[in-house]
Amino acid sequence: MRRLLGFLVALVFAASAAVLTWPSAFGLERTFPLAQIISFRAALAAVLVAATLLMLLFALIRPIRALALVLALILGVAGGVNVALLSQRGLGTEGLPAKTDTSLRVMTWNTAGSATSAESIAQFAVGMQADVVTLPETTIDTGAEVAELMRAMGQPMWAHHAEYGEYGITGWDATSTTVLIRPELGDYSVIQSSLDGSSNTSTVPSAVAMPVSGDGPIIVAAHAVAPRQEYMPQWRSDLQWLADQCASDNVILAGDFNATLDHMTGMGVEGGTLGRCHDAASDSGNGGVGTWPTDAPALLGAPIDHVMATPDWTVSGSVVMRSLDGSGSDHRPIVVQLERTGG
């Protein structure tokens, strides 16, 4: 009876560790509450490693030694797999390569509305030589102010946006998403379906900016709803909508996806991460660095803000900025440098 009980306990631990470590094998990566738990894979890895050490201590107790050692093995393997996966995605790089005449720098920052000043956004964007800036939870008034400040600093930008009125919660900054684009990329216009909400993310808006002139990329300033229990269906549909934006060529998708790479498993096509788009951070050593929340260490946070691009673009570098954690927003900005594939 004692052996049977021990076997059942080990089986439960093994099944739980497998589901937490590789939820996509069971089709559970976008289900509540597992989606919320795996958002913090680094924290999960730390818990598994700590539990492994605890089981090794329990192994000093003779009557439960065998069971404790088996559980330590299960937890240790699961913890090791999580650490290895995070290391593969990248635990952080410093800075970006030198920008060339052909480089395109894309910055995204969920500013948490008025929590982040226009001056902070403008100074950081100019300092990073950003050509495209996507700003979820930023009104067009703030976006226009940022553009004016950037112009005064010698880097003019055009401001575009999409916002929800009757579709969302009027007066809440999250119902607006702004995108800034350098004039050198050509003239842009936000498509009508983004403006009227007929084809957009469900609860908070994304903005699809199409080039009217020039050969610049389609720019999607993305904002998916957070995966709270009551919004899980909308969150899943938002991720699918974002994946669909990457069906065509020459697309750059940047913003707050409220999703990590784990949640996007199975949503890529032709080798992409989401649709045909590839995640720039994981391609350049930053895929495991948390962008939210700023009051948690970056390596324990959730990497839910992304810059993605279709194969027309090659990633040459990225950085998740940790030095701005006191700027007001609960998200860290990410900046990516892209080059045209094939020169």
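Values below: every heavy atom of this structure, side chains too, minus hydrogens, waters and symmetry copies. Since the structure is predicted, the reported quantities are computational estimates derived from the model, not experimental observations.
At distances below 3.5 Å, at least one donor-acceptor pair connects side-chain atoms of Ser16 with backbone N or O atoms of Val12. Panel note: side chain Arg65, backbone Ala59; a donor-acceptor pair is recorded below 3.5 Å. Remark: side-chain polar atoms of Asp283 are not paired, donor with acceptor, to backbone N or O of Val315 under 3.5 angstrom. For the pair Asn286 (side chain) and Ala281 (backbone), a donor-acceptor distance under 3.5 Å is absent. Remark: side-chain polar atoms of Thr260 are not paired, donor with acceptor, to backbone N or O of Ile304 under 3.5 angstrom. For Thr294 (side chain) and Ser329 (main-chain N/O), a donor-acceptor pair under 3.5 Å exists by modelled atom type. Gln36 contributes a side-chain N or O that, together with a main-chain N or O of Pro227, makes up a donor-acceptor pair within less than 3.5 Å.
Between Asp262 and Arg41 there is a salt bridge, with a side-chain nitrogen of the basic residue lying less than 4.0 Å from a carboxylate oxygen of the acidic one. With respect to the salt-bridge test (charged N to carboxylate O, under 4.0 angstrom), the residues Arg276 and Asp249 qualify. Contact check on Arg105 versus Asp131 returns no salt bridge, with no Lys/Arg side-chain nitrogen under 4.0 Å from an Asp/Glu carboxylate oxygen. Using a cutoff of 4.0 Å between basic side-chain nitrogens and carboxylate oxygens, Arg332 and Asp305 are not scored as salt-bridged. At a threshold of 4.0 Å, the pair Arg182-Glu184 counts as salt-bridged, since one of the basic side-chain nitrogens sits closer than that to a carboxylate oxygen.
Side-chain contact of Ser202 with Trp235: a donor-acceptor pair under 3.5 Å is absent, judged by distance alone. Side chains of Ser284 and Ser318: a donor-acceptor N/O pair is present below 3.5 angstrom, by distance only. A side-chain N or O of Thr341 and one of Thr314 form a donor-acceptor pair less than 3.5 Å apart. At a cut-off of 3.5 Å, with distance as the only test, a side-chain donor of Thr108 or Thr134 sits close to an acceptor on the other residue. With 3.5 Å as the limit, one finds a donor-acceptor pair spanning the side chains of Ser198 and Asp196. Asp238 and Gln234 form no side-chain donor-acceptor contact under 3.5 Å, judged by distance and modelled atom types alone. Between the side chains of Ser327 and Ser120, no donor-acceptor pair of N or O atoms lies under 3.5 Å. Thr175 and Glu163 are not linked by any side-chain donor-acceptor pair at a separation below 3.5 angstrom, with hydrogens and angles left out of the test.
Residue pairs meeting the salt bridge (charged side-chain N to carboxylate O under 4.0 Å, His left out) criterion with at least one member in residues 48-59: none, sequence neighbours excluded.
Between Thr111 and the options Thr142, Thr138, Thr116, a side-chain hydrogen bond (donor to acceptor under 3.5 Å, both in side chains) holds for only Thr138.
Contact annotation: the side chain of Leu180 never approaches that of Val132 to less than 4.5 Å [non-hydrogen atoms, C-beta and beyond].
Of all heavy-atom pairs spanning Ala45 and Val83, the tightest one is CB-CG2, 4.0 Å. Nearest heavy atom pair, residue Arg30 against residue Thr265, reads NH1-O, 3.0 Å.
The aromatic rings of Trp292 and His331 sit tilted, their planes meeting at an angle between 30° and 60°. Between Phe257 and His306, the ring-plane angle classifies as perpendicular under the 30° and 60° cut-offs.
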